[in-house]
Amino acid sequence: MFGFDLFYRYFSDKTSCIDIKEDFDDATYKFSSSELKYHDIESINNFVNSIKKYCNSIALFYSLDDIGINSYNLLDYSSIQELIEAIIDYQKEEGTHTIELRVQKKNSLGYNPIFNLKSFIDYFDILSIPTLLATINAKLPLKLFLLNDHEYLETKSIIVSSNTNDFVIDFNTNERDWFYKKHEDIISQTGSEIRNLLPQDFFIINRSNNHRLNNLFDFLCLLLCFSYIANFTEISIDYFTYKFIGFKQLKGVINKTATVNFDTLKIYYKIFDWIYKENTVSDRCSLARNLITMNLSENNITNFTRDLYSELLSCNEIYVRENVDKYIEVKNNVVNLLNELNTKIIDTTDSFSSKIRNNLLALVSFCFSTILLNTIATGNLSNIFTKDITFISYTFIIGSFFYLILTLIDYRKSIKRYVKFYNRQKEFYKDILNNADIDNIFLNDKPFKDDLKGIRWLALRYSLLWIFVILLAIRLIDILSGYSLFQIAKLFF
């Protein structure tokens with residue numbers, strides 16, 4: 001039995017022209033010959049049976065000198081009989097016999113059947129780059145089942161094989177979304193052709209023996225690598241432009257027909273993979289651009305042997321080491337800042353408590369000296385607080401109360417000043433650190449908040465003690481003198 005690519009052998013021993021076209025949906029086989037021969041019906045029927053599981057329809061069209069086209073449905077056995085009978089008659093005719101086989105493929109098989117790999121690659125070649133990318137993107141994960149060719153090609157998202165058992169693909173959509181989101185944040189590009197496409201979709205894990213197929217995948221992989229590494233990419237019909245901005249500016253054009261050195265491509269792919277392995281994509285991408293623009297030119301950007309990937313890893317170690325030193329320096333500065341603030345808060349606490357102690361001591365000393373002097377003068381403890389002494393005592397107590405208010409106002413201003421200073425220092429560090437680093441270094445403000453909580457609790461306790469002593473003194477004077485604070489106040493109002 002002849003296969004699809006030798007279909008003409010069912011009707012002729014020689015042919016002047018064979019034209020095979022194939023895409024994802026259809027395949028056509030057209031040939032012309034000056035002679036036709038009779039072939040048994042079972043051979044043609046066996047051919048139809050061998051491919052019909054992959055087809056929605058199989059039709060044959062015949063014409064003589066492009067006149068009087070007759071069509072036959074090869075899925076119908078009686079139609080094949082009619083074709084054989086017609087061939088017997090057509091053999092007698094002189095002229096150019098043209099036969100065209102049209103196959104409409106099934107799209108519900110879980111894979112895409114390919115009757116002729118060469119014609120299918122021809123289809124890829126005539127598509128514009130944007131259309132090609134969009135077509136493949138819509139088919140991912142892509143499984144191409146070769147019916148008449150024996151090749152094997154594998155990427156993470158595409159398998160080309162003549163064995164359906166090979167079609168095992170782990171297609172993680174969440175991982176792909178993460179890649180694209182990171183890429184979208186740092187890359188400028190035009191169009192949406194590469195949306196949801198990744199370099200690993202075309203990076204060949206197992207290369208085929210078909211150089212055209214390998215070269216096409218290498219070109220698309222390079223395009224995707226540049227789209228994820230370069231500062232800018234723009235895709236046109238049969239080429240793409242790129243721009244790297246790093247140590248210097250590097251820009252150029254790469255045509256669809258360009259030959260990409262696979263060793264060079266592996267270096268770009270490793271660089272892409274390294275960049276997007278961690279969350280520090282922007283820093284790694286900048287480092288890669290610097291190295292690429294420093295060592296490459298437009299002339300050798302698709303064909304070099306220098307191991308830029310290893311150099312990139314070495315540069316990154318130096319970069320990380322320098323950043324660690326800077327990080328430690330910044331962290332030490334923050335520690336000094338927190339220690340300074342802590343010292344100021346302690347000084348404020350000491351000042352506040354000192355004022356309260358001095359005021360309480362003055363109040364106690366006043367009461368004690370008043371009692372002592374009056375006892376010495378009168379010789380007894382009765383009638384210690386006269387009207388005049390009571391008036392002076394209340395005046396002293398009222399002054400002590402206002403002094404408490406002024407002390408609390410001064411304390412609150414000091415705390416606000418420290419909080420403002422602390423927040424301002426954090427804002428300064430935002431120029432060199434991201435929010436996560438700032439939170440880590442400042443320990444999510446916990447030490448500072450603990451210090452504020454401590455001083456506020458201390459201020460509250462001292463204030464309550466101060467108020468308690470004032471109220472106790474007022475009550476003591478009221479009992480000993482017989483004059484309440486309200487009675488004294490009436491003398492003025």
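Note that this is a predicted model, so its numbers are computed, not measured. Just so it is clear, the values below take in all heavy atoms, side chains as well, and ignore hydrogens, waters and symmetry mates.
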Okay, side chain of N255, backbone of A258: is any donor-acceptor separation there less than 3.5 Å?
no
Answer yes or no: is there a side-chain heavy-atom contact under 4.5 Å between I114 and V160?
no
Would you please classify the geometry between the F145 ring and the Y111 ring as parallel, tilted or perpendicular, with 30° and 60° separating the classes?
perpendicular
Would you please test F24 and N107 for side-chain contact (heavy atoms from CB on, under 4.5 Å) and show each step?
CA-CA 9 Å; F24 281 105; N107 55 15; over 6 Å; no
With a 4.0 Å cut-off on N to O distance, would you call D218 and R207 a salt bridge?
yes
K118 NZ: over 12 foreign heavy atoms closer than 6.0 Å:
no
Within 6.0 angstrom of L109 CG, more than 12 heavy atoms from elsewhere:
yes
Is there a side-chain contact (heavy atoms from CB on, under 4.5 Å) between S43 and N46? Walk through the geometry before answering.
CA-CA 5 Å; S43 297; N46 289 339; 5.6 Å; no
Examine distances only and state if a side-chain atom of N163 and a backbone atom of N165 form a donor-acceptor pair shorter than 3.5 Å.
yes
Does CD1 in I237 sit with more than 12 non-hydrogen atoms of other residues, nucleotides or ligands closer than 6.0 Å?
no
Could you grab the distance from atom CD1 of I51 to atom CG of L75, nearest 0.5 Å is fine?
8.5 Å
Tell me, do Q200 and Y269 make a side-chain contact under 4.5 Å, heavy atoms counted?
yes
Under the side chain to side chain contact (heavy atoms under 4.5 Å, CB included) rule, collect the residues that match up with T98, sequence neighbours excluded.
K30, S32, S63, D66, T96
Given S157, which partner from the list N137, D201, D170 fulfils the side-chain hydrogen bond (donor to acceptor under 3.5 Å, both in side chains) test?
D201
Check this for me, if you would: do D122 and R212 make a salt bridge, where the nitrogen-to-carboxylate-oxygen distance has to be below 4.0 angstrom?
yes
For atom CZ of F247, is the number of surrounding heavy atoms from other residues, nucleotides or ligands below 6.0 Å larger than 12?
no
Using the test side-chain hydrogen bond (donor to acceptor under 3.5 Å, both in side chains), find all partners of N215 that sit at least two apart in sequence or belong to another chain.
none
Is the side chain of K105 donor-acceptor paired with the backbone N or O of N112 at a distance under 3.5 Å, no angle test?
no
Check: N261 side chain, D263 main-chain N or O, donor-acceptor pair, under 3.5 Å:
yes
Over 12 foreign heavy atoms within 6.0 Å of NZ, K139
yes
Check: A59 main-chain N/O paired with N73 side-chain donor or acceptor under 3.5 Å
no
Check the pair L287 / L291 against side-chain contact (heavy atoms from CB on, under 4.5 Å), numbers first and verdict last.
CA-CA 6 Å; L287 195 61; L291 193 65; over 6 Å; no
Distance flag, aromatic centroids of F219 and F202, threshold under 6.0 Å:
no
Specify whether Y29 and F31 have parallel, tilted or perpendicular ring planes, treating 30° as the upper limit for parallel and 60° as the lower limit for perpendicular.
perpendicular
Going by atom types alone, do D76 and S78 pair a side-chain donor with an acceptor below 3.5 Å?
yes
Between Y90 and Y62, is there a donor-acceptor pair closer than 3.5 Å when you use the side chain of the first and the backbone of the second?
no
Closer than 3.5 angstrom, by distance alone: can the side chain of S12 be matched with the main-chain N or O of E35 as a donor-acceptor pair?
yes
Are the side chain of S119 and the backbone N or O of N116 linked by a donor-acceptor pair below 3.5 Å?
yes
For side-chain contact (heavy atoms from CB on, under 4.5 Å), just list the numbers for D26 and Q104, CA-CA rounded to whole Å, side-chain angles, deciding distance to a tenth of an Å, and then say yes or no.
CA-CA 5 Å; D26 303 287; Q104 185 185 66; 3.7 Å; yes
Under the 3.5 angstrom rule, does the side chain of S162 hit a backbone N or O of L146 as a donor-acceptor pair?
no
Indicate, with yes or no, if the rings of Y268 and F272 have centres closer together than 6.0 Å.
no
For N49 and N45, indicate whether the former's side chain and the latter's backbone hold a donor-acceptor pair under 3.5 Å.
yes
Pairing residues for Y239 by the ring-ring contact (aromatic ring centres under 6.0 Å, His included) criterion, not counting sequence neighbours:
none
With heavy-atom distances below 4.5 Å as the criterion, would you say the side chains of K266 and Y309 are in contact?
no
